[in-house]
Amino acid sequence: QVKLVESGGGLVQAGGSLRLSCAASQRTFSTYVVGWFRQAPGKEREIVAAISWSGGGTYYVDSVQGRFTISRDNAKNTVYLQMNSLKPEDTAVYYCAADPRPRPYIPMRKNEYDYWGQGTQVTVST
């Protein structure tokens, strides 16, 4: 069982930046695809970005493309989400998730990820 812990959320003004971190309890995390999801009140949890185990492959939802950057440091068992030019519509609880299966693609559905963190709140004010 892999434990994931997110950090870095908070309150920021529109146009500001935050960096989220997802730290894992096991070194096998370095072989997993990791995704960042978010869930706003009354909305479905949606994928924001994902990264392959090597970091060579990434995915971004259209609404964050060019503003968010996902990266990982496997030596630290940590995945990051750098969020720039934040907008009020980015307000949500952000979750990291890990998929341990050796898929030939980056999964984008919630049910493809086995391990989840507890979430961190990101609030963007106008």
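The figures that follow rest on heavy atoms only: side chains count, while hydrogens, waters and symmetry mates do not.
Residue pairs that meet the salt bridge (charged side-chain N to carboxylate O under 4.0 Å, His left out) test with at least one member in residues 114-126, sequence neighbours left out, are Arg101-Asp114. Residue pairs satisfying the ring-ring contact (aromatic ring centres under 6.0 Å, His included) criterion with at least one member in residues 97-126, sequence neighbours excluded, are listed as follows: Phe37-Tyr113, Phe37-Trp116. Among pairs with a residue in residues 81-104, none fulfils ring-ring contact (aromatic ring centres under 6.0 Å, His included), at least two apart in sequence or across chains. Sorted by first then second residue, the ring-ring contact (aromatic ring centres under 6.0 Å, His included) pairs that include residues 56-87, not counting sequence neighbours, number zero.
For Gln82, the side-chain contact (heavy atoms from CB on, under 4.5 Å) partners at least two apart in sequence or on another chain are Ser17, Arg19, Thr69, Asn84.
Shortest non-hydrogen contact noted between Thr126 and Pro88 is CG2-CG, 3.5 Å. Across all their heavy atoms, Gln118 and Leu4 have their closest contact at OE1-O, 3.6 Å. A pairwise comparison of heavy atoms in Ser21 and Trp36 identifies O-CH2, 3.6 Å as the closest pair. The minimum heavy-atom distance linking Pro107 with Asp99 is given by the pair CG-OD2, 3.3 Å. Residues Phe29 and Ala98 share a closest heavy-atom pair of CE1-CB, 4.1 Å.
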Point to revise | side chain to side chain donor-acceptor pair (under 3.5 Å) assessment of Ser63 paired with Gln65 | key: CA-CA 6 Å; Ser63 59; Gln65 183 76 41; over 6 Å; no

Review point. What do the steps show when you test Arg27 against Asn77 for side chain to side chain contact (heavy atoms under 4.5 Å, CB included), and what is the final call?
Key: CA-CA 6 Å; Arg27 294 196 62 82; Asn77 291 340; 3.8 Å; yes

**Study point:** side chain to side chain contact (heavy atoms under 4.5 Å, CB included) assessment of Met83 paired with Val122
**Key:** CA-CA 10 Å; Met83 304 187 296; Val122 171; 3.9 Å; yes

Review point. Are Thr120 and Val93 close enough, and set up right, to give a side chain to side chain contact (heavy atoms under 4.5 Å, CB included), and what steps lead you there?
Key: CA-CA 5 Å; Thr120 185; Val93 178; 6.0 Å; no

Check your understanding: Are Ser125 and Leu11 close enough, and set up right, to give a side chain to side chain contact (heavy atoms under 4.5 Å, CB included), and what steps lead you there?
Key -> CA-CA 7 Å; Ser125 64; Leu11 173 64; 4.3 Å; yes

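Atom CZ of residue Arg67 and atom OG of residue Ser85 lie 7.0 Å apart, to the nearest 0.5 angstrom. In this structure, CG in Leu18 is found 9.5 Å from CG in Leu81, a value given to the nearest 0.5 Å. Taken to the nearest 0.5 Å, the CD atom of Gln26 stands 10.0 Å off from the OG1 atom of Thr31.
A cation-pi arrangement is absent between Arg72 and Tyr32 under the rule of less than 6.0 angstrom and at most 45 degrees off the ring axis.
Following chains of ILVMFWY side-chain contacts shorter than 4.5 Å, one cannot reach Trp53 starting from Val2, and the two form parts of different hydrophobic clusters.
A donor atom on one side chain and an acceptor atom on the other are not found under 3.5 Å apart for Glu89 and Thr91.
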Only distances under 3.5 Å count here; give the side-chain donor-acceptor pairs of residues 42-52 to other protein atoms, sequence neighbours excluded, each with its distance to 0.1 Å.
unit_1 : atom_1 : unit_2 : atom_2 : d
Arg45  : NE     : Gln39  : OE1    : 3.2
Arg45  : NH2    : Gln39  : OE1    : 3.3
Glu46  : OE2    : Arg38  : NE     : 2.8
Glu46  : OE2    : Arg38  : NH2    : 3.3
Ser52  : OG     : Gly55  : N      : 3.3
Ser52  : OG     : Gly56  : N      : 3.3
Ser52  : OG     : Gly57  : N      : 2.9
Ser52  : OG     : Gly57  : O      : 3.4

